[in-house]
Amino acid sequence: RGSHSAIASALRCDRRFVEVGPEEFDLRLRRVDELEMARPLADEWRRRILEADGRVEVAPQVPTTRASAFFAADLLRSDAQVRPLGRGAFCARGRGSSTLERLIRDLRQAKGAVPFARFLQNQREGGRRLQAQLLRLSRAFVSPSEGLVDLAENYPLQGDRLDWLLRDVDLRLQDRGGYIPASELCSEIQSEGLLGSFFTEHLLLDVLRRNTGLEILARHFVAEPELHLGDWIRARIRQTLRGSDSALTRDELIATCPALAEFDLVLSHCLESDPLVVSSDQMHFQLV
């Protein structure tokens with residue numbers, strides 16, 4: 001069987017579905033009226049979040065039925081004014097955060113990149129989940145290489161320079177049909193000689209992840225989100241496995257579906273992260 005929690009996580013990330021109870025889902029199109037009925041509750045929760053200073057756990061604050069609470073939380077997760085923190089907690093977007101300010105202050109004192117895990121361990125015990133999320137997602141920070149975190153202000157990728165980089169990436173994606181291997185993208189940008197030796201593939205992907213909505217697939221491909229490249233690859237994998245009488249290896253998948261050959265670097269990631277694909281030996285794969 002596939003992992004129950006992994007399936008639930010995948011469904012939460014797919015806007016075609018909506019959570020109607022604890023790990024209970026339905027098609028969003030079937031719940032349009034109920035989502036609309038939950039909007040006043042979501043508006044009330046948003047008001048409370050915007051008035052609060054920091055993290056707010058919304059569900060316990062307003063007496064409500066279980067279903068409407070899940071619908072209201074779903075609406076909040078797509079609200080531009082609030083930021084979801086996980087486990088039913090939210091905070092206001094764009095407002096000065098004492099946690100964020102403390103992290104920035106501590107990194108300035110460190111005077112350079114530090115190991116992510118050690119830096120997080122040295123922070124206050126309360127709110128470690130929020131601290132880790134800020135370090136991974138906030139544009140105030142950057143990961144210059146694997147396992148390290150630093151302040152974005154320490155790198156010449158601000159203002160006009162960042163705007164140039166993002167425009168350059170967009171143009172290259174347009175020229176390549178909407179997706180490009182990350183190594184090729186980085187190499188082409190480096191060849192222009194406008195960025196220093198600090199500019200690595202890892203740094204490029206981290207900057208794109210924090211500053212754009214581009215799909216970054218297993219650190220090997222960058223794609224325009226409209227393509228849903230990861231979904232397309234997983235659909236081809238499932239289709240191929242469904243048509244096979246036995247479990248298949250990666251090489252057998254490619255031989256059966258040659259369209260997957262181009263994405264050989266991300267096949268293992270797609271296979272291992274798909275909750276509907278299982279393997280007893282990490283070599284042969286089949287559908288649940």
Side-chain angles (χ1 to χ4, degrees), residues 1-31 70 74 77-78 84 86-87 129 132-133 136-137 143 146-147 173 176-185 201-202 205-206 208-209 212-288:
R1 293 179 55 191
S3 166
H4 187 75
S5 61
I7 294 174
S9 179
L11 290 172
R12 286 192 192 97
C13 295
D14 192 326
R15 296 299 292 172
R16 292 172 296 182
F17 301 94
V18 59
E19 191 169 12
V20 300
E23 297 192 350
E24 180 182 346
F25 297 85
D26 197 0
L27 289 171
R28 183 173 296 274
L29 288 175
R30 294 177 179 171
R31 301 287 186 153
F70 278 91
D74 179 87
R77 280 193 286 272
S78 59
R87 299 182 182 178
R129 181 183 175 89
Q133 188 173 36
R136 291 191 179 99
L137 300 180
S143 175
E146 186 70 34
L173 285 172
R176 300 289 290 271
Y179 65 92
I180 184 173
S183 58
E184 292 184 23
L185 177 62
E201 184 179 327
H202 180 94
L205 295 182
D206 186 75
L208 293 180
R209 181 174 57 80
T212 75
L214 296 174
E215 181 179 11
I216 298 173
L217 190 55
R219 300 185 183 181
H220 289 298
F221 276 87
V222 177
E224 294 174 347
E226 296 81 7
L227 288 181
H228 301 287
L229 183 61
D231 289 342
W232 183 89
I233 295 172
R234 278 184 282 272
R236 299 289 80 72
I237 290 174
R238 292 174 185 175
Q239 184 181 43
T240 305
L241 292 176
R242 191 175 294 115
S244 174
D245 294 330
S246 59
L248 299 179
T249 65
R250 290 172 65 258
D251 290 341
E252 289 169 339
L253 269 172
I254 293 173
T256 307
C257 181
L260 292 174
E262 182 180 4
F263 307 104
D264 180 51
L265 290 174
V266 300
L267 274 189
S268 291
H269 166 79
C270 291
L271 286 165
E272 293 167 7
S273 64
D274 191 332
L276 299 183
V277 174
V278 294
S279 173
S280 59
D281 58 7
Q282 297 304 306
M283 292 180 60
H284 296 80
F285 299 89
Q286 61 187 21
L287 289 180
V288 174

Test side chain to side chain contact (heavy atoms under 4.5 Å, CB included) applied to Val288 and Val277, step by step: CA-CA 6 Å; Val288 174; Val277 174; over 6 Å; no
CA sep, side-chain torsions, deciding dist, call: Glu184, Arg176, side chain to side chain contact (heavy atoms under 4.5 Å, CB included): CA-CA 11 Å; Glu184 292 184 23; Arg176 300 289 290 271; 2.7 Å; yes
Steps toward side chain to side chain contact (heavy atoms under 4.5 Å, CB included) verdict (Leu185, Leu173): CA-CA 9 Å; Leu185 177 62; Leu173 285 172; 5.8 Å; no
Stepwise side chain to side chain contact (heavy atoms under 4.5 Å, CB included) test for Leu227 and Glu215: CA-CA 9 Å; Leu227 288 181; Glu215 181 179 11; 5.7 Å; no
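Residue His220 holds its NE2 atom at 9.0 Å from OG of Ser268, rounded to the nearest 0.5 Å. Distance CZ/Arg234 to NE2/His228: 11.5 Å, rounded to 0.5 Å. Residue Leu276 holds its CG atom at 12.0 Å from CG of Leu271, rounded to the nearest 0.5 Å. Put simply, CG on Leu27 and CZ on Phe17 are 5.5 Å apart, with the number rounded to the nearest 0.5 Å. Atom CZ of Arg236 and atom CG of Asp231 lie 10.5 Å apart (nearest 0.5 Å). Remark: Leu217 CG to Leu265 CG distance equals 10.0 Å, nearest 0.5 Å.
For the pair Thr256 and Ser244, the minimum side-chain heavy-atom distance is 4.5 Å or more. The side-chain heavy atoms of Leu137 and Arg209, taken from C-beta on, include a pair separated by under 4.5 Å.
Not counting sequence neighbours, the partners of Phe263 by the ring pair (Phe, Tyr, Trp, His ring centres under 6.0 Å) test are Tyr179, Phe221, Trp232. Shown here are the side-chain hydrogen bond (donor to acceptor under 3.5 Å, both in side chains) partners of Glu146, two or more places apart in sequence or in another chain: Arg219. For Arg136, there are no side-chain hydrogen bond (donor to acceptor under 3.5 Å, both in side chains) partners two or more places apart in sequence or in a different chain. Looking at residues two or more places apart in sequence or on another chain, you find no salt bridge (charged side-chain N to carboxylate O under 4.0 Å, His left out) involving Arg242.
In terms of heavy-atom proximity, His202 sits nearest to Ser143 at NE2-OG, 2.9 Å. Of all heavy-atom pairs spanning Ser183 and Glu201, the tightest one is CA-OE1, 3.4 Å. In plain terms, the two heavy atoms of Ser273 and His269 that are nearest each other are OG-O, 2.7 Å. Nearest approach of Leu253 to Leu260, heavy atoms of both residues: O-CD1, 4.3 Å.
Ser279 contributes a side-chain N or O that, together with a main-chain N or O of His284, makes up a donor-acceptor pair within less than 3.5 Å.
Under the salt bridge (charged side-chain N to carboxylate O under 4.0 Å, His left out) criterion, the residue pairs touching residues 252-272 are Arg250-Asp264, with sequence neighbours excluded. Under the salt bridge (charged side-chain N to carboxylate O under 4.0 Å, His left out) criterion, the residue pairs touching residues 274-288 are Arg238-Asp274, with sequence neighbours excluded.
Of the charged side-chain nitrogens involved, at least one lies within less than 4.0 Å of a carboxylate oxygen, so that Arg28 and Asp74 count as a salt-bridged pair.
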